[in-house]
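Bear in mind the structure is a predicted one, so any value in this text is a computation, not a measurement. Index from 1, following the sequence.
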Amino acid sequence: APPTAMPTPRQGMVWVPPGALVAGTPPDGYPRLADEEIPGEQLILSGFYIDVYPYPNEEGAIPLTNVTRDEAEKLCGERSKRLCGELEWERACKGPDNHVYEYGDRYRPEPCATGAAVLLRPTGLKVDCRSDFGVRDLHGGAWEWTKSAFNRGSGKGLVTVRGGNDAAGELVGRCAHAVGRPAD
């Protein structure tokens, strides 16, 4: 099959085709966390599958929290899956047009209920909290582990988490936002 062909569909997952990711935020972009973001470098990523919803990837389920990165890896492995790399997560969020937020380029708190403390709700309620690839509920709920080390700023030895929520919704709700956390 040609490399542009979509592979066999997988239940509960979306295919993110190979393509360009403008990783992070350009240095003159706002909002931006200077020491914690890639400076808007264009990278070409291979295609990959990603779950539609956060684990357990079931519409109407409460996302699983309070697990270590190793436990999250094991849970994925039990389903013949793996954790995403942080750049895969970012591409799935930004969509083919490299949006700032999964729903577009202008911040709005409503689509993903960002700008507040993390409130765990059943997945699928926020119908507009979706990327152009069809990935849902990336922000506004639980922080999500990636398989990537957080090697920037003072974050040596940490693992990158993505998504989540915070009172600073305009900053935290961006697809480029990442936080380094201990794997445990």
Side-chain angles (χ1 to χ4, degrees), residues 10-16 21 23-25 32-39 41 43 45-94 101-102 112-114 116-124 126 129-131 133-169 171-184:
R10 291 179 65 179
Q11 179 135 5
M13 301 185 87
V14 293
W15 171 248
V16 176
L21 167 68
T25 305
R32 180 174 193 272
L33 291 173
D35 294 341
E36 297 187 4
E37 290 184 35
I38 299 163
E41 297 169 19
L43 308 167
L45 296 187
S46 299
F48 59 95
Y49 279 103
I50 185 170
D51 283 352
V52 173
Y53 296 104
Y55 190 91
N57 193 30
E58 297 167 12
E59 187 169 8
I62 301 286
L64 182 65
T65 59
N66 296 315
V67 295
T68 66
R69 205 271 302 261
D70 289 348
E71 290 168 338
E73 259 180 342
K74 184 174 184 273
L75 289 166
C76 290
E78 289 170 357
R79 295 179 174 205
S80 301
K81 297 179 183 181
R82 62 172 176 81
L83 290 175
C84 285
E86 69 162 314
L87 297 179
E88 291 174 325
W89 193 100
E90 187 172 333
R91 176 153 161 79
C93 184
K94 286 183 171 180
Y101 304 93
E102 55 258 54
C112 299
T114 50
V118 173
L119 180 59
L120 293 178
R121 304 176 185 81
T123 56
K126 300 173 294 211
C129 189
R130 68 184 299 278
S131 79
F133 288 128
V135 186
R136 307 272 305 270
D137 294 353
L138 289 161
H139 287 96
W143 292 90
E144 299 181 15
W145 288 115
T146 71
K147 67 178 183 182
S148 304
F150 189 79
N151 291 326
R152 45 197 181 261
S154 58
K156 303 294 183 230
L158 301 178
V159 176
T160 305
V161 295
R162 294 288 190 132
N165 203 354
D166 189 280
L171 194 62
V172 173
R174 293 170 311 121
C175 296
H177 187 260
V179 178
R181 292 288 180 260
D184 60 356

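Nearest heavy atoms, A61 versus P56: CB-CG, 3.9 Å. The minimum heavy-atom distance between V16 and I50, with the atom names listed, is CG2-CG2, 4.0 Å. R121 and P63 make their closest contact through O-CD, 3.5 Å (heavy atoms, listed as atom of the first residue, atom of the second, distance). F133 approaches R91 most closely through the heavy-atom pair CE1-O, 3.3 Å. The two residues L87 and A23 have their closest heavy-atom pair at CD2-CB, 3.9 Å. Shortest non-hydrogen contact noted between E59 and Y53 is CD-OH, 3.4 Å.
The pair E102-K126 does not meet the salt-bridge criterion, since no charged nitrogen lies less than 4.0 angstrom from a carboxylate oxygen.
Note that OG1 of T160 is 11.5 Å distant from CG of L83, once rounded to the nearest 0.5 Å. Here C84 contributes atom SG and D51 contributes atom CG; the two are 8.0 Å apart, rounded to the nearest 0.5 Å. To the nearest 0.5 angstrom, N57 atom CG is 5.0 Å from K81 atom NZ. Atom-to-atom distance recorded for Y101:OH and L138:CG is 14.5 Å, nearest 0.5 angstrom. In this structure, E90 CD and H177 NE2 are separated by 11.5 Å, a value rounded to the nearest 0.5 Å. How far CD of E41 is from CG of L21: 10.0 Å, rounded to the nearest 0.5 Å.
Side-chain contact check for D137 versus C112: every heavy-atom pair is 4.5 Å or farther apart. In this structure, the side chains of E71 and W145 stay at 4.5 Å or more apart for every pair of heavy atoms. T114 places none of its side-chain heavy atoms less than 4.5 Å from the side chain of V172. With contacts defined as side-chain heavy-atom distances shorter than 4.5 Å, the pair P54/T123 qualifies.
Partner of V67 under the side-chain contact (heavy atoms from CB on, under 4.5 Å) criterion, chosen from D70, L64, T65: L64. Between R162 and the choices E88, E144, E86, the side chain to side chain donor-acceptor pair (under 3.5 Å) rule is met once, by E86.
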Show your working on side-chain contact (heavy atoms from CB on, under 4.5 Å) between R181 and L158 and close with a plain yes or no.
-> CA-CA 5 Å; R181 292 288 180 260; L158 301 178; 5.8 Å; no
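Relative ring orientation between W89 and H139 is described as perpendicular, the plane-to-plane angle rising above 60° on a 0-90° scale split at 30° and 60°.
In this structure, R136 contributes its side chain and G124 its backbone to a donor-acceptor pair below 3.5 Å.
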